[in-house]
Amino acid sequence: MRPVPGQGVAPDQGDPQGNAPIVPEAEFDAALPPLSGDIDAPLEPMDRMAAPATPPTQTPVAPATATPLATGDTLAPVGPEDPALAQPLTPLASFDSTPLQTEVAATGEKTPDIRYETVVRGLDALNLEDEFKSLSALREGKGKAANGAQVSARAREDEGLAVRLMKSLGYYDATAIATVEQPATPGAPLTALLTASPGRLYTLSSVTIDAAPVVPTDLIRRNLPLKVGDPIEAARIQGAEANVSLQLPRQGYPFVKVGERDILLDDQGPKATGAYTLPVDTGPRSSFGQLVTTGDPVFGLDHLNVFPRFKSGQLYDAQKTDDLRDALVATGLFSSVSVEPKQTGRPGPDGTEQVDLLVRQTKGKNRSLTATAGYSTGQGTRLEGGWINRNMFPDEGALITSAVLGTQEQGLNATFRRSNAGRRDRTFQILANVSHQNYDAYEAYIGTLAIRWSYDSTPLWQKPLTYAYGVELTGTNEDVYDFDLGRRRRGTFGIAALPGQVVFDRSDSLLNPTKGFRLKLNVSPETSVRGAVRPYVRTLVEATGYYPVNDSLVIAGRARAGSIQGIERDDLAPSRRYYGGGGGSVRGYGYQRLGPFDPDGNPVGGRSLNEFSLEARYRFGDFGIVPFVDAGNSYANALPTFTDLRFGAGIGGRFYTNFGPMRIDVATPLNPRPGDGKVALYISIGQAF
């Protein structure tokens with residue numbers, strides 16, 4: 001043992017260096033308590049253990065003993081007693097929680113930002129730089145941080161982001177390292193450098209589908225667009241699985257559930273691969289059963305069965321279920337409505353199980369107010385407001401009232417309309433109208449009562465063939481120029497008509513077509529009663545076409561021709577004649593200003609009409625520019641002569657909304673006649689055609 005300095009003890013002869021031990025060996029052994037030979041015996045009590053012997057040169061210390069504490073004993077205080085320790089703590093409400101101020105905060109100075117630059121390497125080759133920039137924590141900081149630790153934390157976060165992005169493309173060995181480098185020049189920004197290493201690209205070595213047999217047998221496989229050799233790319237695989245979830249309900253499996261995929265990676269071979277397995281629970285192959293309903297009784301089952309575009313027993317198709325729900329929503333009579341398939345266990349045709357569709361109805365508001373406004377040079381302003389109760393006469397019996405207030409037209413209208421009348425999208429209407437019209441061509445007080453049936457296209461279901469037909473009775477008192485008398489006079493006409501219309505539509509949109517064409521034919525056998533009965537036929541044919549040059553530019557064209565056979569022009573009520581000019585005709589010319597004139601320079605209309613229009617519709621975002629040229633005229637003869645055409649040209653602006661484009665057109669006549677204006681302005685909703 002090492003000696004203690006300053007103790008003058010005699011050297012021990014057994015120590016070659018002459019140093020004496022602190023405790024002699026014999027004295028140390030004597031101080032040890034006796035040990036029994038039983039290793040399982042209990043330990044000796046603490047109070048029997050003696051303190052070690054003191055060095056011979058020091059005053060011996062009495063052996064310490066440990067006296068056990070009895071119940072109720074207290075420990076003696078450690079150290080001197082301090083009265084402050086017995087005082088109660090300061091109340092929490094009076095505690096001063098003001099943080100200590102740093103030297104910068106005490107002077108009111110703002111802590112300077114640390115500036116840094118971000119450099120990314122290795123992601124550009126994978127076309128990931130743009131996606132990385134949009135998610136990067138370093139980029140989000142815009143090159144500023146409170147301190148260096150914050151820069152380092154952002155860099156570490158971007159390391160994980162880079163690895164996740166590379167793995168999403170199939171690089172499962174990818175690594176990324178971010179370092180923060182100090183600037184070489186004092187005051188220059190730090191450099192946050194991220195270096196990405198994609199490693200090997202993993203590809204599919206096998207594609208396995210774990211599912212019960214389906215009909216046809218390859219139904220799942222052909223709707224899972226994955227094949228051996230494809231990269232194990234997250235978006236590709238998720239998209240393929242989503243396609244299975246989408247397509248199988250359209251082909252008889254409404255209850256399909258795509259399970260959690262398993263990809264077993266293998267990095268030991270010459271190629272990095274993964275074995276792909278997808279569990280699919282198809283559920284029963286199903287056919288349509290019946291409609292059942294719950295909730296508010298907006299429609300009963302009889303009327304609900306008007307809407308489906310399928311029949312009981314047909315193979316289940318989720319698209320037709322969605323179409324049924326959309327058609328119910330389009331009625332505007334529900335605050336919420338849902339359609340969901342329900343298993344029944346009933347056998348269906350071809351080994352299927354019948355599925356009933358549960359329609360959950362929640363009643364909505366029936367009443368609403370409407371308003372429209374428009375303006376055009378020559379026709380002035382036109383305001384129309386309306387009130388509608390869409391289900392005053394269930395089912396879907398609506399009462400519609402409206403009023404028109406315009407510069408040249410005022411009127412009241414009332415309509416009873418039965419929508420989906422016995423057939424989806426078939427409409428029955430009774431219309432009543434009284435109006436006053438005051439144009440350059442005529443002034444008229446008109447009353448009309450009409451009945452109309454129609455089968456219409458809707459935004460949900462644009463049909464290739466639609467039609468309308470009806471009966472119309474009109475009484476009108478009009479101011480007209482009498483060429484025999486050489487002056488204007490008023491006349492009263494009674495008109496009975498059987499109007500009909502057929503539309504063949506191959507365009508891609510009802511409100512804003514960009515490709516395809518439409519053909520429209522209007523035929524109205526009529527009888528005019530004014531002193532004598534004079535039957536005649538009004539016809540109008542129109543063709544429109546739409547050609548997309550690219551995603552932004554559409555060329556649109558229109559040709560229209562009309563004819564009235566079987567009556568002289570002067571025996572025909574002026575309001576039933578053909579006129580040209582205006583926003584829906586040849587723009588640049590006043591409303592109804594194209595055609596024959598009386599000696600006072602007012603249009604008198606004709607028995608025939610032709611019109612042509614060409615537009616270049618250029619769209620950018622929600623806006624568009626439309627240069628256009630129009631041509632046309634109306635004629636006194638029963639057939640258009642295609643001579644003396646009047647041309648107008650201009651440019652329009654479009655603002656596209658979810659219910660159609662807002663239109664503003666400015667046009668000028670290219671070969672004006674005396675009295676024609678130089679510029680015409682048109683504001684309305686919807687394309688010109």
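Keep in mind that what you see is a predicted model, and the values were worked out from it rather than measured.
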**Message:** Given 3.5 Å as the limit, does a donor-acceptor pair link the side chain of S585 with the main chain of G582, or not?
**Reply:** no

**Message:** Check K320 with D317, please: is the shortest side-chain N to carboxylate O separation under 4.0 Å?
**Reply:** no

**Message:** Within the 4.5 Å heavy-atom criterion, are L645 and N610 side-chain neighbours or not?
**Reply:** yes

**Asked** Does the gap between the ring centers of Y591 and Y439 come in under 6.0 Å?
**Response** yes

**Message:** Please tell me whether Q565 and Y536 have a donor and an acceptor in their side chains that are separated by less than 3.5 angstrom.
**Reply:** no

**Contacts of type side-chain hydrogen bond (donor to acceptor under 3.5 Å, both in side chains), residue N243, not counting sequence neighbours** = none

**With sequence neighbours excluded, residues passing ring-ring contact (aromatic ring centres under 6.0 Å, His included) with F334** = F299

**Prompt:** Is K463 positioned over the aromatic face of Y455, cation under 6.0 angstrom from the ring centre and no more than 45 degrees off axis?
**Reply:** yes

**For T381, side-chain hydrogen bond (donor to acceptor under 3.5 Å, both in side chains) partners two or more places apart** = T407

**Request:** Give a yes or no on whether a salt bridge exists between R587 and E615, defined as a side-chain N under 4.0 angstrom from a carboxylate O.
**Result:** yes

**Prompt:** Where the side chain of Y481 meets the backbone of G486, is there a donor-acceptor pair that is under 3.5 Å apart?
**Reply:** yes

**Prompt:** Will you find, in the side chains of T514 and D508, an N or O donor that is under 3.5 Å from an N or O acceptor?
**Reply:** yes

**Message:** Could you tell me if D630 and S613 have a donor-acceptor pair between their side chains, going purely by distance under 3.5 Å?
**Reply:** yes

**Message:** Could you tell me if E542 and T544 have a donor-acceptor pair between their side chains, going purely by distance under 3.5 Å?
**Reply:** no

**Request:** Test the R663-F689 pair against the cation-pi criterion, namely NZ or CZ under 6.0 angstrom from the six-membered ring centroid and within 45° of the ring axis.
**Result:** no

**Asked** With no hydrogens and no angle check, is any side-chain donor or acceptor of Q462 less than 3.5 Å from a backbone partner on P459?
**Response** no

**Message:** Is the positively charged end of R569 above the ring of Y635, judged by distance under 6.0 angstrom from the centroid and angle within 45° of the axis?
**Reply:** no

**Message:** Please list all pairs meeting salt bridge (charged side-chain N to carboxylate O under 4.0 Å, His left out) that have one or both residues in residues 381-399, counting only residues at least two apart or in different chains.
**Reply:** R382-E384, R382-E409

**Item:** Any side-chain heavy-atom pair of L594 and R673 under 4.5 Å
**Value:** yes

**Message:** Once side-chain hydrogen bond (donor to acceptor under 3.5 Å, both in side chains) is applied, what residue pairs with a partner in residues 644-657 remain, sequence neighbours excluded?
**Reply:** D644-R646, R654-D665, R654-Q687

**Asked** When the ring centroid of F623 is compared with that of F655, is the distance short of 6.0 Å?
**Response** yes

**Prompt:** Distance under 6.0 Å and angle within 45° of the ring axis: does R367 meet both against W387?
**Reply:** no

**Set of residues satisfying ring-ring contact (aromatic ring centres under 6.0 Å, His included) with respect to W453, sequence neighbours excluded** = F428, Y469

**Message:** For E472 and T448, which I'm curious about, is there any donor-acceptor pair between the side chains at under 3.5 Å?
**Reply:** no

**Message:** Closer than 3.5 angstrom, by distance alone: can the side chain of R417 be matched with the main-chain N or O of Q429 as a donor-acceptor pair?
**Reply:** no

